[in-house]
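Below: the structure, in structure tokens.
Only a predicted model underlies this, so the values are computations on that prediction, with no experimental measurement involved.
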Amino acid sequence: MSEPKRTSHVGSQQCHSLPSPSSHHFSPTPSPKPSSITSSLQARNSSNNHLIQTLSKQGLTKHALHLLSTEPRPTQRTYELLILSCSRNNSLSDAAAVHRSLVDDGLGQDSFLATKLIDMYAQLGSIDNARYVFDEMRDRTIFVWNAFIRALALAGCGDEALGVCCRMSESGVWFDRFTYTYALKACVVSGERKGKEIHGNLLRRGFEWNVHVVTTLIDVYAKFGLVSYAGKLFDEMPERNVVSWSAMIGCLAKNGRPFEALELFWEMMVGNPDEVPNSVTMVSVLQACAALSALGQGKLIHCFVLRRGLDSIVSVNNSLVTMYSKCGNLEVARRVFDRMDKRDVVSWNSMISGFGVNGFAEEAILVFKEMINDGKVSPNAITFISLLGACSHSGLVDEGKRLFYSMVPEYHIYPTSEHYAGLVDILGRAGRLEEAIKVIEDMRIEPGSTVWGSLLGACRIHCNIELAERASVRLFELEPTNAGNYVLLAEIYAEAKMWVEVNRVKKLLEARGLQKVSGCSWIEVKGKIYSFVSVDELNPQIEQLHALLVKFSVEMKEKGYVPDTKAILYELDEVEKEEIVLGHSEKLAVAFGLINSSAGETIRITKNLRLCRDCHSVTKFISQFTNRDILVRDVNRFHHFRNGVCSCGDYW
DNA sequence: GTAGGGTTAG
């Protein structure tokens with residue numbers, strides 16, 4: 001079918017003045033139009049416009065575009081619908097054709113359509129074309145300014161977005177509530193200082209009363225980790241709704257304050273019956289349950305999800321899979337996963353990593369194979385990070401290597417530093433340190449802190465001081481304020497009884513104003529969460545817990561147990577060292593679980609750091625001696641203790 | 001005519 005001829009309604013000069021925006025999609029060539037319009041044709045025009053609009057609404061952009069070329073007077077509404085259709089169909093070439101035709105029809109200065117075009121290009125990820133539309137506009141309404149600032153913030157061009165905000169002010173256009181929300185989003189990229197500036201600015205203009213603006217501000221502070229700023233705003237909000245509650249709950253859940261996230265959720269439920277939590281609230285609350293391994297709370301939330309009919313929402317189901325996995329309840333995680341009608345890449349990744357952290361690498365790989373066979377969803381970078389982690393936890397060296405080296409040829413996914421870190425971890429844990437360092441030396445990208453961190457972790461397991469020092473030099477450069485790296489190196493020296501070096505690292509830590517993160521464990525008993533720190537003198541039951549642990553210790557020693565105190569960073573008497581390891585938070589939590597639960601009940605504990613070797617062997621013993629299943633989730637993975645054996649096979 | 005909060009890894 002040949003294209004009908006059209007003549008441009010605007011002068012050719014204007015068309016030629018269009019520079020080609022950096023992408024090749026937008027061509028400045030004017031499109032041909034009919035030179036004369038007969039009255040009979042005009043009669044058909046209104047129905048033509050109507051037809052184009054109908055086709056656009058149905059997403060039939062190509063057909064609509066074809067008809068557009070025969071239409072001498074397309075209306076603003078026709079173009080609006082065409083633009084929406086291009087956004088929906090994700091077609092940049094159609095978008096450029098619509099844009100070109102719109103300019104040809106003399107609508108290039110229509111501010112309404114300019115706003116829509118900017119939105120469309122932003123959605124299609126073509127910020128250069130959005131910038132072109134904006135630059136071409138002579139009279140910019142606030143809608144045009146806002147659309148462009150929003151487009152820039154969405155594209156991660158924070159500084160440019162804030163620059164445009166300045167130009168907007170300078171040209172005498174005042175920020176409105178929309179400008180503030182977009183400018184605040186731009187600050188997520190541009191930094192805390194800018195965010196605080198905008199905050200000051202909006203206070204002077206009285207926008208602290210706008211629920212959208214303040215909610216955005218809470219979220220921005222959450223993303224900077226400034227929980228107290230977010231909390232203050234939330235507390236002082238004149239009006240709250242489900243979105244502001246969810247933003248604050250999410251802020252706490254993501255910033256290491258899951259306990260408070262749950263408290264706030266219950267405050268919302270109990271104190272504010274008008275605010276009904278929705279799927280987004282559920283996702284954040286489930287994240288908090290997962291962080292705490294709070295299975296009881298998680299089950300309550302699951303019931304709520306079912307009652308409210310939120311169980312068909314993919315993100316909610318994904319969060320349920322993660323929550324059950326992180327509570328060590330893989331059977332239910334798998335059941336939720338199997339019952340899902342729709343699964344996205346996050347669903348598959350959640351199930352794969354669930355099996356992985358629980359030490360079931362074979363199952364994780366099976367799920368990955370199912371994903372490939374299913375064919376509806378392609379794996380992404382995170383899929384492989386999860387798979388490599390699974391292999392590492394289970395010691396599947398060859399399978400891990402095979403997966404790593406299949407990434408590019410089979411799935412076109414290029415390994416990032418995190419993937420290399422996964423491979424280094426697999427090799428390092430297995431004691432293949434030379435091979436691990438070879439991988440680092442041959443990396444095509446600059447090794448990041450995760451890579452050196454994996455190597456240092458492996459050196460800790462295999463007591464390799466030389467390589468540990470090499471990794472530390474790089475780590476201290478890359479992450480000067482990460483106390484964990486200094487502690488790890490000090491522990492390696494302590495194990496080798498190199499006390500001069502231990503003290504040197506401790507002084508370095510002190511000089512940089514850093515502190516060792518203290519160990520903390522917690523346990524959920526009858527829906528309540530109890531937390532313990534090492535040598536927890538303030539705990540009301542401490543004497544009872546200590547007595548029980550001493551009793552175990554005596555019995556264990558009779559069976560040949562020798563406390564492992566090698567990682568203690570102080571040169572103390574062996575008796576004093578034993579006292580310290582016996583007071584580790586994880587042991588206190590186990591003792592508390594034994595005293596406060598009935599026989600046969602599984603004890604579930606979570607720890608903020610890696611489980612120490614002594615706690616590991618003591619927990620194995622206790623599981624046998626008391627005939628209890630003990631589940632400990634440390635910062636890296638799960639340990640299922642049963643009959644004196646741990647699921648990690650002492651490989652962690 | 002434009003708006004705010006969410007899931008996987010590390």
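Applying the salt bridge (charged side-chain N to carboxylate O under 4.0 Å, His left out) definition to pairs two or more places apart or across chains, those involving residues 375-388 of chain A are A/D374-A/K376.
Between A/E446 and A/R474 there is a salt bridge, since at least one side-chain N of the basic residue sits less than 4.0 Å from a carboxylate O of the acidic one. The pair A/E197-A/K194 does not meet the salt-bridge criterion, since no charged nitrogen lies less than 4.0 angstrom from a carboxylate oxygen. Ionic pairing of A/R334 and A/E363 is not present here: no N-O contact between side-chain nitrogen and carboxylate oxygen is shorter than 4.0 angstrom.
Protein atom CG of A/D219 is 16 Å distant from nucleotide atom P of B/dA3, rounded to whole Å. One can place CH2 of A/W174 at 25 Å from P of B/dT2, the figure rounded to the nearest angstrom. Protein atom CZ of A/F265 is 15 Å distant from nucleotide atom C1' of B/dG5, rounded to whole Å. For A/I352 and B/dG10, the CD1 to P distance is 13 Å, given to the nearest whole Å. Atom CD of A/E275 is separated from atom C1' of B/dG4 by 14 Å (rounded to the nearest Å). Note: CE (A/M340) to C1' (B/dT7) measures 10 Å, nearest angstrom. As a whole-Å value, the separation of A/F178 CZ from B/dG4 C1' is 11 Å. If you take CZ of A/F143 and P of B/dG1, they are 7 Å apart, rounded to a whole angstrom.
Nucleic acid contact for A/T281: base, since at least one base atom lies under 4.0 Å from a heavy atom of the residue. A/E80 comes within 4.0 angstrom of nothing in the nucleic acid, heavy atoms only. Residue contacts for A/N146: at a heavy-atom cut-off of 4.0 Å it reaches a base atom on one of the strands shown. Nucleic acid contact for A/N317: none, since no nucleic acid atom lies under 4.0 Å from a heavy atom of the residue. Nucleic acid contact for A/D119: none, since no nucleic acid atom lies under 4.0 Å from a heavy atom of the residue. Within the 4.0 angstrom heavy-atom criterion, base atoms lie near A/N241. A/R150 comes within 4.0 angstrom of the backbone, heavy atoms only, and of no base. Using a 4.0 Å heavy-atom cutoff across all strands shown, A/V321 reaches no nucleic acid atom at all. Contact annotation for A/F384: no contact, since no heavy-atom pair falls under 4.0 Å across all strands. Residue contacts for A/V213: at a heavy-atom cut-off of 4.0 Å it reaches no nucleic acid atom on any strand shown.
Regarding contacts with the backbone of B/dG5, a side-chain N or O of A/K185 is found under 4.0 angstrom from either OP1 or OP2. Residue A/S244 has no polar side-chain atom (N or O) positioned under 4.0 Å from OP1 or OP2 of B/dG5. Checking the phosphate oxygens (OP1, OP2) of B/dG1, no side-chain nitrogen or oxygen of A/Q76 falls inside 4.0 Å. Phosphate contact (OP1/OP2 of B/dT7, side-chain N/O of A/K254, threshold under 4.0 Å): present.
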Assess whether side-chain hydrogen bond (donor to acceptor under 3.5 Å, both in side chains) is satisfied between A/T416 and A/H419, documenting all intermediate values. CA-CA 5 Å; A/T416 63; A/H419 296 102; 3.0 Å; yes
Report the C-alpha separation of A/N278 and A/T281 in whole Å, then their side-chain angles, then the decisive distance to 0.1 Å, and conclude whether the side-chain hydrogen bond (donor to acceptor under 3.5 Å, both in side chains) test is met. CA-CA 5 Å; A/N278 59 21; A/T281 327; 2.9 Å; yes
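The side chain of A/Y182 has B/dA3 as its nearest neighbour among B/dA3, B/dT8, B/dG5. In this structure, the nucleotide among B/dG4, B/dT8, B/dA3 sitting nearest to the side chain of A/V243 is B/dG4. With distances taken from any side-chain atom of A/S111 to the nucleotides B/dT8, B/dG1, B/dA3, the minimum falls on B/dG1. Picking from B/dT7, B/dT2, B/dA3 the nucleotide with the shortest atom distance to the side chain of A/Q287 gives B/dT7. Taking every side-chain heavy atom of A/T141 into account, B/dG1 is the closest of B/dG1, B/dG4, B/dT2. Residue A/T216 has its side chain nearest to B/dG4 when only B/dT2, B/dA9, B/dG4 are considered. Nearest to the side-chain atoms of A/N278 among the listed nucleotides B/dG5, B/dG10, B/dT2 stands B/dG5. With B/dG5, B/dT8, B/dT7 as the candidates, the nucleotide lying closest to the side chain of A/V242 is B/dG5. Out of B/dT7, B/dG4, B/dG1, the shortest distance to the side chain of A/F112 is found at B/dG1.
Within 3.5 Å, a donor on the side chain of A/T115 pairs with an acceptor on the base of B/dG1, or the reverse. Taking only distance into account, the side chain of A/T215 meets the base of B/dG4 through a donor-acceptor pair shorter than 3.5 Å.
Checked by atom type, the side-chain pair A/T78/A/T75 shows a donor-acceptor distance below 3.5 Å.
Residue A/E275 comes nearest to A/V242 through the heavy atom pair OE1-N, 3.1 Å, listed as atom of the first residue, atom of the second, then distance.
B/dA3 has its base stacked against the ring of A/H212, the centroids being under 5.5 angstrom apart at an interplanar angle below 30°.
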